[in-house]
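Structure first, then comments.
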Amino acid sequence: MVTRSVSRIVDHTITIHPDHVTYGADCLGCDWKIKGESEPEPVQDACMKHTGKSGHRQFRLICQSLAFVVRKGER
């Protein structure tokens, strides 16, 4: 029995949807979190306010986005 296979290479690209980017932060010193902001500045301001109230200075900054993989030439 002869098995045949066909291989083809298709170029793909990944794109980030600009309307689906959210920012957040987690304090590494306690359970404080901020999530779901559409711009990074409110997250940075909230982190600085949290530092002023708690003295905690280390944060995990989070940027989440929706991405699509498409064949090159498709939309």
Side-chain angles (χ1 to χ4, degrees):
M1 177 179 236
V2 177
T3 303
R4 289 187 180 184
S5 64
V6 176
S7 296
R8 64 182 187 151
I9 297 172
V10 179
D11 288 333
H12 287 80
T13 186
I14 189 165
T15 59
I16 295 174
H17 194 295
D19 295 334
H20 293 281
V21 178
T22 58
Y23 299 90
D26 297 339
C27 178
L28 298 181
C30 69
D31 291 333
W32 181 89
K33 299 177 188 296
I34 182 170
K35 298 203 185 288
E37 295 292 334
S38 60
E39 298 292 331
E41 290 82 7
V43 173
Q44 295 167 358
D45 292 343
C47 289
M48 289 186 274
K49 288 178 185 174
H50 180 71
T51 297
K53 292 178 181 177
S54 67
H56 302 158
R57 301 183 313 159
Q58 294 181 335
F59 300 89
R60 176 181 299 113
L61 298 178
I62 302 161
C63 176
Q64 292 183 312
S65 61
L66 178 64
F68 297 96
V69 175
V70 294
R71 287 184 182 174
K72 281 195 173 178
E74 288 184 358
R75 289 185 185 223

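Closest of all the heavy-atom pairs between Ala25 and Val43 is CB-CG1, 3.6 Å. Nearest heavy atoms, Arg71 versus Arg8: NH2-NH2, 3.4 Å. When all heavy atoms of Pro42 and Ile34 are compared, the closest pair comes out as O-CD1, 4.3 Å. Here the closest heavy-atom approach between residue Leu61 and residue Cys47 is recorded as CD2-SG, 4.5 Å.
With a 6.0 Å radius and a threshold of 12 heavy atoms from other residues, nucleotides or ligands, Lys49 has its NZ atom at or below the threshold. Crowding of Leu66 atom CG: a count of heavy atoms from other residues, nucleotides or ligands under 6.0 Å exceeding 12. For Glu41, the CD atom is densely surrounded, since the number of other residues' heavy atoms within 6.0 Å is greater than 12.
In this structure, CZ in Phe59 is found 9.5 Å from CE in Met48, a value given to the nearest 0.5 Å. To the nearest 0.5 Å, atoms CD (Glu39) and CG (Asp45) are separated by 12.0 Å.
The aromatic rings of His17 and Phe68 lie tilted to each other, with the angle between the two planes from 30° to 60°.
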Arg60 and Leu28: side-chain contact (heavy atoms from CB on, under 4.5 Å), yes or no, with the steps? CA-CA 7 Å; Arg60 176 181 299 113; Leu28 298 181; 3.7 Å; yes
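Side-chain atoms of Thr51 come within 3.5 Å of backbone atoms of His56 as a donor-acceptor pair (strictly under, hydrogens ignored).
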